[in-house]
Amino acid sequence: MCSIMAWCNPAADESEFKDALDEMTSRGPDDKRVVRTDGGLLGFRRLSIMGLSPGGMQPFSLGDCEVVCNGEIYGFTSMREELIKKGYSFKSDSDCEILLPLYFEYGTECFRMLDAEFACVIHDGKNDEFIAARDPIGIRPLFYTYDKDGKIIFASEPKSLTPLTGEKIYPFPPGHYYKNGEFVCFCDIARPEGFVNDDLETVCGNIREKLIAGVEKRLIADAKVGFLLSGGLDSSLVCSIAQRRESRPIRTFAIGMNEDAIDLKYARQTADYLGTDHTEVIITKDDVLSALPDVVKLLGTYDITTIRASMGMYLLCKAIHEKTDIRVILTGEVSDEIFGYKYTDFAPSPEAFQKEAEKRVSELYMYDVLRADRCISVNSLEARVPFGDLDFIKYCMAIDPGMKVNRYGKGKYLLRHAFEGLDYLPYEILMREKAAFSDAVGHSMVDHMKAYAERVYTDEEYEKLRVKYTHATPFTKESLLYRELFEKYYPGQSQMIRDFWMPNKEWEGCDVNDPSARVLSNYGASGE
């Protein structure tokens with residue numbers, strides 16, 4: 001990860017800007033640079049992953065333009081070769097150095113051309129304007145607000161904007177670019193233009209090939225790579241594909257509570273099967289509760305699901321940062337939004353399933369993707385998300401929803417069947433029932449968090465305090481605890497998150513008051 005900022009005001013205070021940029025030091029601990037342009041300030045903090053030489057330091061300049069980018073651009077070498085043929089030269093091996101030549105050649109159309117996870121800001125000195133853009137999933141973060149003069153400010157995280165504004169802070173919409181004061185959609189990846197009507201085996205073959213490609217391109221790095229392995233379907237597939245491509249054992253990491261870890265045994269089984277260099281991290285009740293305020297601060301959310309799931313991921317990545325020299329982490333996020341959760345088994349129709357999937361994919365940047373980014377980046381690591389590969393998502397979202405609903409007696413059947421009989425994973429791992437990460441770290445972890453909230457508030461205090469919040473009103477003592485922690489760090493900024501991540505209450509069987517699948521009637525063997 002890196003951190004970027006842009007204050008699009010010629011009168012921007014450089015000292016205040018530098019202090020705000022330093023709020024994101026963990027995202028980019030290796031180097032820092034701030035440049036003043038005719039239009040304002042650009043700032044960059046570097047975590048060296050691709051192009052480790054000093055020449056890869058940003059902002060990059062070309063003519064009278066500058067750019068800062070937090071991103072990974074896949075297949076950039078072929079694009080760079082084409083740009084060299086057009087007369088451009090490059091001073092580094094950084095993938096992001098191609099952005100300004102692409103912008104010179106294609107204008108804002110260049111963003112459609114990128115196979116990338118990115119957030120960037122370009123200062124176009126020739127036209128005296130700033131242009132910003134964010135990848136279609138929102139895997140790389142970007143936020144914006146306005147200063148007292150009404151000028152826009154961009155930053156990778158909201159904590160760098162709060163010192164500079166008294167205005168509302170908003171997430172930059174994924175798949176959009178900003179130009180001339182407007183946000184323009186260049187890719188709405190959640191909503192397919194049409195559906196794929198291939199047969200089951202063709203669909204599953206394409207799923208397999210596209211996921212393999214998504215993993216392989218994310219193994220390329222000039223820094224060391226590691227893998228989060230829960231022993232669930234998604235992370236296990238990522239690890240299996242990666243291990244098949246590597247000559248030496250990949251490094252995998254799993255976490256669990258000291259009382260009742262569920263995931264650890266499955267992660268160990270998968271690691272043994274694949275032959276990985278595997279590490280287990282054990283946490284306690286005290287570890288979880290003491291980390292809670294820090295986790296809410298780094299996340300910038302009050303959402304119950306996101307906070308619960310972040311506890312294990314944050315503590316695991318903290319251990320990786322402190323005890324290894326790994327800089328890049330591959331994870332299994334985004335699969336559930338495409339292929340379904342436990343609650344989507346209750347979808348009343350294929351059309352309802354598809355509508356829910358489109359909603360979840362379009363909101364990923366506020367929930368699971370936000371969690372992965374923050375928990376990993378705060379520990380000076382870079383997250384890469386193979387299931388977030390653009391080609392993979394475009395295809396999977398266009399599969400006939402009648403094939404994706406659970407009519408097979410097994411959720412996410414298409415993804416499982418795509419690798420069935422090919423020795424990628426033990427059969428029991430390939431067919432393991434879905435268990436939410438927060439639950440599978442150990443049911444006790446969430447139970448301790450809920451019990452702690454019960455001790456903080458009496459029933460009377462809960463009813464009095466929760467009604468203060470008219471947007472996303474807390475509906476349990478746990479959600480009130482998280483909201484009050486959020487307001488401590490981001491007062492009055494609840495609009496950064498749309499609402500609580502919850503099962504679709506309109507569906508029969510899903511009108512529940514807790515986001516955990518443990519409360520659903522079909523939870524079954526998920527907790528075993």
Side-chain angles (χ1 to χ4, degrees), residues 136-137 174-175 188-208 210-211 232-234 237 305 332-369 387-420 430-437 498-512 514-526:
I137 299 297
D188 185 357
I189 200 167
R191 294 169 179 81
E193 296 179 359
F195 289 105
V196 172
N197 294 307
D198 295 330
D199 61 84
L200 176 65
E201 297 306 322
T202 300
V203 165
C204 290
N206 287 331
I207 289 172
R208 181 174 62 253
K210 291 177 184 297
L211 182 59
L233 173 66
D234 307 325
L237 280 175
T305 300
E333 271 72 32
V334 181
S335 172
D336 292 330
E337 287 77 10
I338 299 170
F339 294 107
Y341 292 87
K342 295 296 290 186
Y343 84 87
T344 53
D345 286 356
F346 294 93
S349 67
E351 293 75 21
F353 179 98
Q354 179 69 20
K355 184 178 179 181
E356 189 74 5
E358 291 177 4
K359 178 181 187 295
R360 290 303 180 198
V361 169
S362 68
E363 294 179 350
L364 267 165
Y365 69 103
M366 291 185 286
Y367 302 105
D368 274 16
V369 161
F387 283 98
D389 184 77
L390 300 184
D391 183 53
F392 180 80
I393 290 184
K394 286 177 181 177
Y395 180 80
C396 292
M397 290 302 292
I399 295 171
D400 178 0
M403 297 182 72
K404 287 187 285 190
V405 294
N406 186 2
R407 64 184 189 188
Y408 314 92
K410 180 68 69 173
K412 300 167 76 169
Y413 177 76
L414 297 184
L415 180 60
R416 301 177 194 275
H417 186 59
F419 291 89
E420 191 172 2
L430 187 65
M431 296 298 168
R432 181 188 169 195
E433 287 291 339
K434 167 69 181 176
F437 181 55
R498 186 165 299 167
D499 203 346
F500 295 102
W501 192 108
M502 292 287 290
N504 191 329
K505 290 177 176 288
E506 296 179 1
W507 295 352
E508 185 177 352
C510 294
D511 188 10
V512 294
D514 191 295
S516 171
R518 289 163 62 186
V519 304
L520 299 175
S521 62
N522 65 338
Y523 187 62
S526 298

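Atoms considered below: every heavy atom in the structure, side chains included; atoms not considered: hydrogens, waters and symmetry mates.
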Contacts of S362 that satisfy side chain to side chain donor-acceptor pair (under 3.5 Å) - sequence neighbours left out = none
For D345, enumerate each residue passing the salt bridge (charged side-chain N to carboxylate O under 4.0 Å, His left out) test, keeping only those at least two apart in sequence or located in another chain.
-> none
Shortest non-hydrogen contact from P503 toward P515 | CD-CA, 4.0 Å
Non-neighbouring partners of R498 that pass salt bridge (charged side-chain N to carboxylate O under 4.0 Å, His left out), sequence neighbours left out | E363
With E337, which residues qualify under salt bridge (charged side-chain N to carboxylate O under 4.0 Å, His left out), at least two apart?
-> none
Test side chain to side chain donor-acceptor pair (under 3.5 Å) applied to K355 - qualifying residues, sequence neighbours left out = none
Within the distance-only criterion (no hydrogens, no angle test), does the side chain of K404 pair as donor or acceptor with the backbone N or O of G340 below 3.5 angstrom?
-> no
At their closest point, which heavy atom of R416 faces which heavy atom of G411, and how far apart are they?
-> NE-O, 2.7 Å
Under the ring pair (Phe, Tyr, Trp, His ring centres under 6.0 Å) test, which residues partner F353, sequence neighbours left out?
-> none
Between atom CG of L237 and atom CG of L415, what is the distance when rounded to the nearest 0.5 Å?
-> 5.5 Å
Any donor-acceptor N/O pair, K505 side chain to C510 backbone, under 3.5 Å = no
I207 side chain near F339 side chain, heavy-atom distance below 4.5 Å = yes
Any side-chain heavy-atom pair of P192 and Q354 under 4.5 Å = yes
Under 3.5 Å: donor-acceptor pair, side chain of R208, backbone of F419 | no
Taking the side chain as every heavy atom from C-beta outward, state whether P174 and I137 have any pair of such atoms under 4.5 Å apart.
-> no
side-chain hydrogen bond (donor to acceptor under 3.5 Å, both in side chains): pairs with one or both residues in residues 189-202, sequence neighbours excluded | D188-R191, D199-T202, E201-H417
Hey, what do you get for NZ (K342) to CG (N522), rounding to the nearest 0.5 Å?
-> 4.5 Å
Does F195 have any ring pair (Phe, Tyr, Trp, His ring centres under 6.0 Å) partners at least two apart in sequence or in another chain, and if so, which?
-> none
Nearest heavy-atom contact between V361 and A190 is CG1-CB, 3.8 Å
So which heavy atom on E508 is nearest to which on F346, and how close?
-> O-CD2, 3.3 Å
Output the distance between atom OH (Y523) and atom CD (E433), rounded to the nearest 0.5 Å.
-> 10.5 Å
Please report the closest heavy-atom contact between S335 and D234, naming both atoms and the distance.
-> OG-OD1, 2.9 Å
Name all residues meeting the side chain to side chain donor-acceptor pair (under 3.5 Å) criterion together with D514; count only those two or more places apart in sequence or in a different chain, and write none if there are none.
-> R308, K450
Looking at M403 and Y408, what are the two nearest heavy atoms and their distance?
-> O-OH, 2.7 Å
Only counting residues at least two apart or in another chain, list the ones meeting salt bridge (charged side-chain N to carboxylate O under 4.0 Å, His left out) with D336.
-> K412, K434
What pairs with T344 under side chain to side chain donor-acceptor pair (under 3.5 Å), at least two apart in sequence or on another chain?
-> none
How many angstroms lie between CG in N504 and CE in M502, if you round to the nearest 0.5 Å?
-> 11.0 Å
Can you list, pair by pair, the side-chain donor-acceptor contacts under 3.5 Å of residues 387-401, counting residues two or more places apart and other chains?
from	atom 1	to	atom 2	distance (Å)
D389	OD1	K217	NZ	2.9
D389	OD1	R218	NH1	3.1
D389	OD2	D391	N	3.3
D389	OD2	F392	N	3.3
D391	OD2	K210	NZ	2.9
Y395	OH	N206	ND2	3.0
D400	OD1	G402	N	2.9

